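When a ligand or atom number is given, it counts from 1 through the structure's own listing order. Keep in mind that what you see is a predicted model, and the values were worked out from it rather than measured.
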Amino acid sequence: MSDCVDILGMLVKCSNFAAVKHSTQRRKDPAKTPYINHPIGVAYILTEEGGVRDASVIMAAILHDTVEDTDTTLDEIKKEFGHQIAGIVAEVTDDKALPYDERKRLQIVHAPTSSREAKLVKLADKLYNLRDLEKATPEGWSDEKVAEYFKWSSKVVEGLRGTNRQLEASLDEIFSRHDL
Ligand SMILES: Nc1nc2c(ncn2[C@@H]2O[C@H](COP(=O)(O)OP(=O)(O)O)[C@@H](OP(=O)(O)OP(=O)(O)O)[C@H]2O)c(=O)[nH]1
Ligand SMILES: [Mn+2]
C-alpha cells in the first residue's frame, strides 16, 4: 500500500489550509458564525447526503471559497494540491473583479457546461446557502434580495441537474417552499 496516495493527509491539509485562509472571516448571519463552517458543511453535505466518495470533489469543496474570498491564488492551490483540485476550484470561483449582476449571470451561463465534479460542489454550495437563508436573513439583505437569491439559485441549479439525485431532491424541496 506504500504507493497509495495519502488521501487522509491531503484532506487534513485542505482543512487546515482553508481554516487558516478563512480564519478572520465570519458568515453574514446574526450569530456571525465562523466562515469555515460553510466549506466544511458543503463537504459534509457531499459525503453524508450526496454519497460522494470522490476525494478530489470533497477536497475542492473544502477549498471552494478560498480563491474567491481570500488572498489565495489558483497557482497556490495548484502547487499545494495539484492541478485536478485546482481545476475544480477554478470552475466554482467567481471573478470578483466583475460587477455583481454579471457574476451572477455567468453562474447561470456556465453551470450546464461545467464538469461533473464542479457541478457537485455547486449543488452542495447552493443547498448549504439556501438552508442558511431559510434559517436567518444575512445582515444587510432586504426581503427582495433574499427572494431574488432563491430565484437566481433555482436558475443556476437548472444547469446542474442530472448530477446527484439526493442533492437535487433536497434543493427541489426548498424551491417548492418558495413557489419556484
Ligand atoms: N445564505 C447565506 N449566505 C452567506 C452567509 N454568510 C456568507 N454568505 C455567502 O454570501 C454569498 C452570497 O451573497 P451575495 O451577496 O449573493 O454574493 P457575494 O457575497 O458573492 O457578493 C454566498 O457565497 P458563495 O458561497 O460563494 O455562493 P454564491 O451564492 O456566490 O454562489 C454565501 O456563502 C449567510 O449567513 N447566509
Ligand atoms: Mn460557497
Side-chain angles (χ1 to χ4, degrees), residues 14-15 17-19 21-47 49-50 52 57-72 74 77 85-86 88-115 117-161 163-164 167-168 170-171 173-175 177-178 180:
C14 283
S15 306
F17 184 93
K21 291 292 190 175
H22 289 298
S23 65
T24 62
Q25 299 175 327
R26 295 291 178 274
R27 298 286 286 171
K28 299 167 186 165
D29 60 326
K32 297 187 170 32
T33 304
Y35 196 88
I36 190 64
N37 283 37
H38 168 63
I40 291 175
V42 170
Y44 190 52
I45 285 173
L46 287 166
T47 56
E49 300 179 47
V52 175
V57 172
I58 305 307
M59 291 177 202
I62 292 170
L63 298 168
H64 84 272
D65 274 331
T66 57
V67 176
E68 190 175 304
D69 293 334
T70 78
D71 63 2
T72 309
L74 280 170
I77 300 283
I85 290 168
I88 304 169
V89 173
E91 283 191 89
V92 302
T93 297
D94 284 1
D95 180 356
K96 284 266 177 111
L98 296 173
Y100 182 87
D101 287 355
E102 179 65 356
R103 278 197 277 128
K104 297 291 171 186
R105 188 187 72 79
L106 286 175
Q107 279 208 35
I108 299 171
V109 172
H110 290 153
T113 55
S114 54
S115 67
E117 289 82 1
K119 283 179 178 171
L120 284 167
V121 176
K122 291 250 73 158
L123 283 168
D125 189 25
K126 290 289 175 285
L127 186 50
Y128 187 105
N129 286 333
L130 293 173
R131 282 175 176 165
D132 256 11
L133 215 44
E134 284 194 324
K135 275 186 252 161
T137 299
E139 290 187 340
W141 286 33
S142 63
D143 291 350
E144 193 192 7
K145 172 151 176 164
V146 171
E148 197 49 49
Y149 192 91
F150 277 105
K151 200 168 136 194
W152 165 77
S153 296
S154 74
K155 289 183 192 163
V156 178
V157 168
E158 271 315 301
L160 304 171
R161 288 185 187 280
T163 307
N164 184 285
L167 301 188
E168 288 161 48
S170 296
L171 283 158
E173 270 181 47
I174 294 176
F175 295 141
R177 278 199 286 278
H178 296 266
L180 291 163

Can you name the closest pair of heavy atoms from [X] and [Y] and give their distance?
X	Y	answer
Lys119	Gly159	CE-O, 3.7 Å
Glu68	Val92	OE1-O, 3.7 Å
Val121	Ala60	CG2-CB, 4.5 Å

With a 4.0 Å cut-off on heavy atoms, is [X] in contact with ligand 1?
X	answer
Trp141	yes
Lys96	yes
Arg26	no

Counting only heavy atoms, which portion of [X] has something under 4.0 Å from ligand 1: side chain, backbone, both, or neither?
X	answer
Thr33	neither
Tyr128	neither
Asp125	side chain

What protein heavy atom is closest to [atom], reported as residue, atom name and distance in Å?
atom	value
atom 15 (O) of ligand 1	Lys145 NZ, 2.6 Å
atom 26 (O) of ligand 1	Glu68 OE2, 3.1 Å
atom 29 (O) of ligand 1	Tyr149 OH, 2.4 Å
atom 21 (O) of ligand 1	Arg103 NH2, 3.3 Å
atom 31 (O) of ligand 1	Lys126 NZ, 2.6 Å
atom 9 (C) of ligand 1	Arg27 NH1, 3.6 Å
atom 17 (O) of ligand 1	Lys104 NZ, 3.4 Å
atom 35 (O) of ligand 1	Asp29 N, 3.1 Å

Check your understanding: Where do Asp125 and His38 land on the side chain to side chain contact (heavy atoms under 4.5 Å, CB included) test, with the steps shown first?
Key -> CA-CA 8 Å; Asp125 189 25; His38 168 63; 2.9 Å; yes

Exercise for review: Would you indicate which of Asn129, Asp94, Thr93, Asn37 comes nearest to atom 32 (C) of ligand 1 when only heavy atoms are counted?
Suggested key: Asn129

Exercise for review: Measure from atom 13 (O) of ligand 1 to every heavy atom in Lys28, Glu148, Lys32 and give the option owning the shortest one.
Suggested key: Lys28

Check your understanding: Hey, which atoms in ligand 1 end up nearer than 4.0 Å to a heavy atom of Tyr100?
Key -> 14 (P), 15 (O), 16 (O), 17 (O), 21 (O)

Point to revise | Atom indices of ligand 1 within 4.0 angstrom of Leu133 heavy atoms, with elements | key: 1 (N)

Report the distance from atom [atom1] of [X] to atom [atom2] of [Y], rounding to the nearest 0.5 Å.
X	Y	atom1	atom2	value
His64	Thr66	NE2	OG1	9.0 Å
Leu167	Leu120	CG	CG	7.0 Å
Asp69	Gln25	CG	CD	6.0 Å
His22	Asn37	NE2	CG	11.0 Å
Ile174	Leu180	CD1	CG	11.0 Å

Exercise for review: Kindly confirm or rule out an N or O of Asp69 lying under 3.5 angstrom from an N or O of ligand 1.
Suggested key: no

Review point. Is the shortest N/O to N/O distance between His64 and ligand 1 below 3.5 Å?
Key: no

**Study point:** pair Leu106-Asp94: side-chain heavy atoms closer than 4.5 Å
**Key:** no

Exercise for review: Assess whether salt bridge (charged side-chain N to carboxylate O under 4.0 Å, His left out) is satisfied between Asp65 and Lys21, documenting all intermediate values.
Suggested key: CA-CA 10 Å; Asp65 274 331; Lys21 291 292 190 175; over 6 Å; no

Exercise for review: Begin from the C-alpha positions of Glu139 and Lys32 and carry the test salt bridge (charged side-chain N to carboxylate O under 4.0 Å, His left out) through to its verdict.
Suggested key: CA-CA 9 Å; Glu139 290 187 340; Lys32 297 187 170 32; 3.2 Å; yes

Identity of the N, O or S atom of [X] lying closest to the Mn ion (ligand 2):
X	value
Asp65	OD2
Asp125	OD1
His38	NE2

Check your understanding: Charged N to carboxylate O below 4.0 Å: is that the case for Asp132 and Arg27?
Key -> yes

Practice item. Flag the pair Lys145 and Glu148 as a salt bridge only when some basic side-chain nitrogen lies within less than 4.0 angstrom of an acidic carboxylate oxygen. Key: no

